[in-house]
Amino acid sequence: MRLSRYFLPTLRETPAEARIVSHRLMLRSGMIRRASAGIYSWLPLGFRVLKKIETVIHEEMTAAGAQAVLMPTLQLADLWRESGRYDVYGPEMLRIADRHDRDMLYGPTNEEQITQIVRDDIRSFRDLPRNLYHIQWKFRDEIRPRFGVMRGREFLMKDGYSFDLDFEGAKRSYNIMFVAYLRTYARMGLKAIPMRAESGPIGGDLSHEFIVLADTGESAIHADKRLFAMDPRADGVDLEGDLEPVVKRWTSLYAATDDKHDPATCPLPAGDLVEARGIEVGHIFYFGTKYSEPLGCAVTMPDGERRVLHGGSYGIGVSRLAAAIIEASHDDAGVVWPDAVAPFDVGLVNLKSGDADCDAAADDLYGKLRGAGVEVLLDDREERAGVKFADMDLIGLPWQLAVGPRGARAGTVELKRRAGGEKHELAADAALQRILDKSA
RNA sequence: CGGGGCGUGGCGCAGUCCGGUAGCGCACCUGCUUUGGGAGCAGGGGGGCGCUGGUUCGAAUCCAGCCGCCCCGACCA
């Protein structure tokens with residue numbers, strides 16, 4: 001992509017409304033614009049990030065045996081009356097009437113919708129278990145939306161739902177998601193710690209929040225320092241095998257959010273305790289027959305018994321993750337995107353657009369990178385070098401490649417890694433090779 | 001919803017107390033000079049001050065109502 005033709009409205013100054021760093025940087029780097037309180041438009045750069053996050057999630061969900069579907073944003077109120085939640089949900093639910101004056105709602109979540117689908121088309125024990133998910137916009141009319149997309153009213157969520165014959169099966173589905181979630185966040189360059197959460201009316205301990213560490217996070221957390229040394233990708237986990245030991249390893253170590261932490265009863269000595277801040281980016285829980293029962297979601301067992309299904313649901317805040325990743329990865333100059341979710345792999349800066357040597361060298365690199373399947377943003381604008389560098393640092397692409405008049409004639413370029421900032425003057429082909437090696 | 005604050009070109013702000021017909025920086029356009037970390041000079045374009053109604057010879061400035069937005073609290077991916 002050539003920046004001269006790309007819609008990337010960066011801001012030199014910070015809009016007054018933005019208080020936290022992710023919100024400021026998302027506005028300044030031209031990722032989002034506010035449409036109204038808690039509702040945002042995603043501009044090309046931001047939309048790319050959203051899609052990258054979705055891709056990671058899709059890959060990990062597929063690997064975990066879940067299947068992607070897409071359910072509607074608008075749902076019939078009658079469906080929610082079946083589960084009883086239409087009256088329980090309160091003003092956070094956006095209620096709408098269509099032209100026939102039929103009560104509808106903009107879905108804040110989809111348990112009812114997915115349960116209806118499974119109820120209508122899954123009838124035999126042979127068809128279980130199933131794990132279906134979608135990535136769809138949700139609306140919750142929050143009392144106080146804030147911090148940009150961190151707590152928006154409209155937000156993109158991955159919500160998945162498992163259906164099993166019994167508790168044992170549901171527990172297994174839960175464990176698979178538990179592990180898949182750890183892997184998903186790790187791939188995005190995030191350290192996510194699972195923490196025991198309120199499990200609601202069903203009871204038991206099958207509910208965990210996933211908290212990503214960020215200095216600017218909303219909640220304080222207290223956790224065993226050993227949790228931070230664990231790498232979910234290092235296990236080489238077999239998702240088909242028994243995951244109970246893996247889940248146990250994570251859940252047996254102390255981790256609590258501020259409201260559940262009491263220094264007086266904390267089992268860990270201060271030296272083993274990490275006090276940090278975090279952002280909730282996921283929540284999983286087992287809810288048994290809470291929806292299957294009232295909605296009549298059941299299958300026939302081998303002996304003819306009608307068995308009500310056990311469900312679980314698994315959420316990831318996709319749009320919130322875009323902000324959370326920035327909170328966890330930025331510096332004074334701007335965003336520092338982890339490779340997996342960066343909107344482009346490489347920012348190629350032509351330091352002197354219009355100079356024949358520079359143009360030729362930049363175009364050559366641009367073509368070669370694209371030919372190798374690397375996503376490149378070429379800054380070919382008629383701007384001064386300083387402006388281009390500042391914008392590149394702001395939008396935070398993992399690699400920067402600068403082509404200037406001196407280098408263009410000598411056949412060299414400057415390669416900079418955004419994270420860390422190391423710069424190397426290299427032959428163009430060597431720089432190209434280094435990017436290909438590292439991004440492979 | 002309770003408490004606090006703010007709405008003036010795309011962004012950041014001044015002007016409002018003490019009414020006289022809108023200003024600064026950045027951005028944008030043109031020209032010249034400049035050119036490896038947010039250039040300099042010169043010349044331009046763009047807003048009638050959130051909306052509605054009132055007071056007044058005259059309202060961004062005063063009054064009333066409404067709308068929108070931000071911050072603190074309870075809730076949430």
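None of the values given here were measured: they were computed from a predicted structure. Letters go in sequence order (proteins before strands), and every chain restarts at 1.
Nucleotide B:C66 forms a pair with B:G50, judged by Watson-Crick or G-U wobble geometry with both contacts under 3.5 Å. Remark: B:G9 base-pairs with no nucleotide in the shown strands. Criterion, Watson-Crick or G-U wobble with two distances under 3.5 Å. Across the strands present, B:G73 finds its partner in B:C1; the criterion is a Watson-Crick or G-U wobble pair with both atom distances under 3.5 angstrom. Base pairing of B:U55: no nucleotide in any strand meets the Watson-Crick or G-U wobble criterion (both distances under 3.5 Å). Shown here, B:G45 forms no base pair; nothing in the strands shown gives a Watson-Crick or G-U wobble contact with both key distances under 3.5 Å. Remark: B:G36 base-pairs with no nucleotide; criterion is Watson-Crick or G-U wobble with both hydrogen-bond distances under 3.5 Å.
On the nucleic acid side, RNA chain B has its first and last nucleotide under 4.0 Å of a heavy atom of chain A at B:C1 to B:A77, going 5' to 3'.
When heavy atoms are screened at a 4.0 angstrom cut-off, A:Arg19 is found touching the sugar-phosphate backbone but no base atom. Counting any heavy atom pair closer than 4.0 Å across all strands shown, A:Ala390 reaches a base atom. Backbone-only engagement by A:Val281 is indicated by non-hydrogen atom pairs under 4.0 Å involving sugar-phosphate atoms exclusively. A:Glu142 comes within 4.0 angstrom of a base, heavy atoms only. Within 4.0 Å (heavy atoms only), A:Arg146 reaches at least one base atom of the nucleic acid. Residue-level contact check: A:Ala18 touches neither bases nor backbone, having no heavy atom under 4.0 Å from any strand. Across all strands shown, A:Ser36 has heavy atoms under 4.0 Å from sugar-phosphate atoms exclusively, and none from any base. Across all strands shown, A:Asp391 has heavy atoms under 4.0 Å from base atoms, whether or not it also approaches the sugar-phosphate. At a threshold of 4.0 angstrom between heavy atoms, the contacts of A:Asp393 include nucleobase atoms, whether or not backbone atoms are also involved. Among the atoms of the strands shown, none is found under 4.0 Å from any heavy atom of A:Gly148. No engagement by A:Leu11 is indicated, since no non-hydrogen atom pair under 4.0 Å with the nucleic acid exists. Residue contacts for A:Pro405: at a heavy-atom cut-off of 4.0 Å it reaches a base atom on one of the strands shown. Using a 4.0 Å heavy-atom cutoff across all strands shown, A:Arg28 reaches at least one base atom of the nucleic acid.
Separation of the C1' atoms belonging to B:C28 and B:C69 is 26 Å when rounded to the nearest angstrom. The P atoms of B:C6 and B:G50 are separated by 13 Å, rounded to the nearest whole Å. B:G38 sits 11 Å from B:C26 when the C1' atoms are compared, rounded to a whole Å. Atom name C1', nucleotides B:G40 and B:U34: the rounded distance is 8 Å, in whole Å. Spacing of P atoms, B:G3 relative to B:C66, comes out at 15 Å, to the nearest Å. The gap from the P atom of B:A59 to that of B:A27 amounts to 36 Å, rounded to the nearest Å. Here the separation of B:G44 from B:C11, taken at their P atoms, is 25 Å to the nearest Å. Of the C1' atoms belonging to B:C63 and B:G19, the separation is 13 Å, rounded to the nearest Å.
Judged by distance alone, the side chain of A:Ser29 and the main-chain N or O of A:Ile395 form no donor-acceptor pair under 3.5 Å. Counting only distance, with no hydrogens or angles, the side chain of A:Tyr174 and the backbone of A:Ser313 share no donor-acceptor pair below 3.5 Å.
Among pairs with a residue in residues 349-358 of chain A, those fulfilling side chain to side chain donor-acceptor pair (under 3.5 Å) read A:Asn350-A:Asp359, A:Ser353-A:Lys388, A:Asp357-A:Arg409, at least two apart in sequence or across chains.
B:G48: glycosidic angle within 90° of 0, hence syn.
Mapping A:Ala37 and A:Ile316 onto RNA chain B via the closest heavy atom, the residue that lands nearer the 5' end is A:Ala37. Comparing A:Gly315 and A:Arg406 by the nucleotide of RNA chain B that holds the closest heavy atom to each, the one mapping nearer the 5' end is A:Arg406.
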Residue pair A:Glu244, A:Lys171: steps toward the side-chain contact (heavy atoms from CB on, under 4.5 Å) verdict:
CA-CA 9 Å; A:Glu244 193 63 27; A:Lys171 167 73 173 159; 3.1 Å; yes

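Checking A:Asp380 against A:Ser4 by side-chain atom types alone, a donor-acceptor pair falls below 3.5 Å.
Of the listed residues (A:Arg85, A:Arg81, A:Lys290), just one forms a salt bridge (Lys or Arg N to Asp or Glu O under 4.0 Å) with A:Glu112, and that residue is A:Arg85.
Across all non-hydrogen atoms, the minimal contact from A:Ala361 to A:Ala408 is CB-CB, 4.1 Å.
With ring centers used as reference points, A:Phe178 lies under 6.0 Å from A:His208.
Applying the side-chain hydrogen bond (donor to acceptor under 3.5 Å, both in side chains) test to A:Arg24 and every residue at least two apart in sequence or in another chain returns nothing.
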